[in-house]
Amino acid sequence: MSRYLLPPGIYLDGNSLGPMPGGLRAELSAELDRWESLGVRAWETWFSLAESLSPQLAGLVGAESDEVIATGSISANLHALLATFYLPEGERRDIVAAACEFPSDLYALSAWCQRLGGKLRLIPARHELLEEEDIWACLDERVALLWLPTVLYRSGQLLEVGRWTAEAHRVGALAGWDAAHSVGALPHAFHAQEVDFAVWCHYKYVAAGPGAPAGLFVHRKHAGALPGLPGWWGSDKASQFAMATPMSPAAGAGRFQQGTPSVLALAALRAALRVLAQVDLAEVRASSLRLTSLLIDLIDRYLPECALITPRDPERRGGHVTLRHSRARVLGEQLREDGVIPDVRPPDLLRLAPFPLQTEPAELERAVLAIRSRLDRAEWDRPELSQVP
Ligand SMILES: *Cc1c(COP(=O)(O)O)cnc(C)c1O
């Protein structure tokens, strides 16, 4: 069976929605059969489904199994973590985040700052990149939390998780990470790097499907923290159905779950994790870097008028490559007509994401030549543009 089933054409948008794992349909079908034949009794097997995925999740982010759980969405998990760990005290009230961070993160961070009287300090981006001195300039003793993306969703810049976590700790702040654009594309070491907490989604490089349950990491050093947004699904499994008050939270990160999870979505995640279990993440990363390096070479050769936004240094690069061109939106639509599926970030960025285990080098050359050909034709007048990027 193929690892992944891709739509026709050259698929370069796996960092928005990863392709469907080959075994996913059978996995879902098995849960539908279970539901049909057992009804509510099927909960006997579903009850700990999220927890059963934790060893695999832990491998993806370099954690212990009890430090991770599949639950919620990035946005909901970030709120849950802020409600738990953002506890301003005295002068230490501010949160530092990247101005070019994914907007949903900024909505959550600024709402919590407003609620609890802190200031959201935004690290400015220069040409969609974060520079060290700009991060440093925001860090001092009044910072309660440094919140950063492992990979910037627009430029694809990769940040050093261990280093910035240590810098945050040096000023007495917590360090939290949004790993949406790196989980499944490269190895992580959240536990060893002393990351306080992190969130990520599973519908990008992990390819667990649209709206897949997200991931949440809380380091063991915070194992005693009580969830700030508790719900009964975060109970200790052995006593959950005692329905007692107050709640007895689960021992690990499972306590950050809130309500009944989507079993079908968890089954899809299990199918996606099975694919990744067969490969070494270091190899995924090596393949990803080979593909993005080739893409950058092709861009240099064929697309001199497009500005490359992504760092050339492999150590500073995640899994995608971003170009700037004033006609990016129309270009994106035209490429789809040509059978090349990129992703547009308005107003003028075109993201190209090879899927590390699937994309062929020859596809990248065909994609870049398709861009070349559209740039040469320069037919930019389009009345209707789709709302979905
Ligand atoms: C994709 C993405 C999100 C999406 O958040 P959801 O709440 O899961 O929809 C958040 N942050 C970043 C950095 C992303 O790339």
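Read the numbers this way: they start at 1 and go in the same order the structure lists the ligands and their atoms. None of the values given here were measured: they were computed from a predicted structure.
Counting the atoms of ligand 1 from 1 in the order shown, those under 4.0 Å from a heavy atom of K204 are 1 (C), 2 (C), 3 (C), 14 (C), 15 (O). Listed by atom number, the atoms of ligand 1 under 4.0 Å from H181 heavy atoms are 15 (O). For ligand 1 and E101, the ligand atoms under 4.0 Å from any heavy atom of the residue are 13 (C). Within ligand 1, the atoms closer than 4.0 Å to a non-hydrogen atom of S73 are 7 (O), 8 (O), numbered from 1 in the order shown.
By the 4.0 Å N-to-carboxylate-O rule, R372 lies close enough to E305 to be salt-bridged with it. Under the 4.0 Å criterion applied to side-chain N and carboxylate O atoms, R336 and E333 are not assigned as salt-bridge partners. Salt-bridge check for R163 with E132: passed, with a basic side-chain N closer than 4.0 Å to an acidic carboxylate O.
A cation-pi arrangement is present between K204 and F102 under the rule of less than 6.0 angstrom and at most 45 degrees off the ring axis.
Taking atom 10 (C) of ligand 1 as the reference point, the nearest protein heavy-atom neighbour is F102 CD2, 3.3 Å. Atom 5 (O) of ligand 1 has I74 CB, 3.4 Å as its closest protein atom, hydrogens excluded (heavy atom only). Looking at atom 11 (N) of ligand 1, its nearest protein heavy atom turns out to be D178 OD2, 2.8 Å. In this structure, atom 7 (O) of ligand 1 lies nearest to the protein heavy atom S75 OG, 2.6 Å. At the top of the distance list for atom 9 (O) of ligand 1, counting protein heavy atoms only, stands Y203 OH, 3.2 Å.
For H222 and D196, the side-chain atoms include at least one donor-acceptor pair closer than 3.5 Å.
Under the 30°/60° scheme for interplanar angles, the aromatic rings of H320 and H181 are found to stand perpendicular.
The closest donor-acceptor contact from the side chain of R255 to the backbone of D236 lies at 3.5 Å or more, if one exists at all.
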